[in-house]
Amino acid sequence: PQTAPALAAMSKISPPILAEAILKVLEPGKKRKFPESIDMQVNLKNYDPQKDKRFSGTVKLPRVARPRFKVGIIGDAFHEGQAQKAGLPSLNVDDLKKLNKNKKLVKKYCAQFDAFLASESIIKTIPRVVGPHMNRAGKFPTAVALSDDLQDKVAEVRSTV
């Protein structure tokens, strides 16, 4: 059994010690035949994630974290043309109207992709056309402005956690 002073010493790690430990882990050692990764685990005391939502949001990583992350484009004519040139799967409002608020069809379509991007001009019409099913599936599209480059936006979505 550990004594109280030993537990107290483990409760907080000062930033310089943490930085030094990370640098030590990152030092090149024995060459491996696979990409190595480092996991860091943080435990928060007196924090209930069910009740307390203080820590919610997204973090953009410097590199693409999920290269196989499928992003669907729901766009106006301009973004649909851009998506086709880039080889990205895309739909327009008429294609969404064909789903006809049919829950099964919308769920099936949402299951094909991990996330969606939509043109700013049509994002307000999506709930009216598709119904609440896309939102319930947790796949409501992120807005894309006319000036935004689609491929950059897709890379940004893939590198966000």
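Everything quoted here is computed from the prediction, not taken from an experiment.
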Do [X] and [Y] sit in one hydrophobic cluster, given that two such residues count as connected whenever their side-chain heavy atoms are within less than 4.5 Å of each other, even indirectly?
X	Y	value
Phe69	Ile74	no
Phe116	Leu150	no
Phe140	Val157	no
Phe113	Val130	yes
Leu117	Ile123	no

(request) Step through the shown structure and confirm whether more than 12 heavy atoms of other residues, nucleotides or ligands are within 6.0 Å of NZ on Lys60. (result)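 Yes, NZ of Lys60 has more than 12 neighbouring heavy atoms, counting only those of other groups under 6.0 Å.
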(request) May I ask you to check whether over 12 heavy atoms, not counting those of Lys107, lie within 6.0 Å of atom NZ? (result) no
Rounded to the nearest 0.5 Å, what's the gap from [atom1] on [X] to [atom2] on [Y]? Could you check?
X	Y	atom1	atom2	answer
Ile17	Ile22	CD1	CD1	12.5 Å
Lys97	Leu91	NZ	CG	13.5 Å
Arg68	Arg158	CZ	CZ	11.0 Å
Gln151	Glu156	CD	CD	14.0 Å

(request) With side chain to side chain contact (heavy atoms under 4.5 Å, CB included) as the test, would you mind laying out the steps for Lys30 and Arg32 before giving the verdict? (result) CA-CA 6 Å; Lys30 183 179 174 185; Arg32 308 274 195 249; 3.0 Å; yes
Would you indicate whether the side-chain heavy atoms of [Y] and [X] approach each other to under 4.5 Å?
X	Y	value
Glu120	Leu146	no
Ser121	Phe78	no
Pro127	Asn135	no
Ile73	Val154	yes
Lys70	Pro89	no

(request) Without swapping roles, check the side chain of Asp152 against the backbone of Asp149 for a donor-acceptor pair under 3.5 Å. (result) no
(request) Check whether any side-chain N or O of Arg66 sits under 3.5 Å from a backbone N or O of Thr160 as a donor-acceptor pair, and report yes or no. (result) yes
(message) On a heavy-atom basis, which atom in Glu80 and which in Ser90 lie closest, and how many Å separate them?
(response) CG-OG, 3.5 Å
(request) Please name the pair of heavy atoms, one in Asp76 and one in Ser119, separated by the smallest distance, quoted to 0.1 Å. (result) N-OG, 3.1 Å
(request) Dump the intermediate steps for side chain to side chain contact (heavy atoms under 4.5 Å, CB included) on Leu88 and Val71, then the final yes or no. (result) CA-CA 8 Å; Leu88 298 167; Val71 180; over 6 Å; no
(request) Using the side chain to side chain contact (heavy atoms under 4.5 Å, CB included) rule, take Met134 and Cys110 through it: C-alpha gap first, then chi angles, then the decisive distance, then the call. (result) CA-CA 7 Å; Met134 221 172 182; Cys110 285; 3.5 Å; yes
(request) Verify side chain to side chain contact (heavy atoms under 4.5 Å, CB included) between Leu96 and Asn92, making sure each step is shown before the conclusion. (result) CA-CA 7 Å; Leu96 287 180; Asn92 56 28; over 6 Å; no
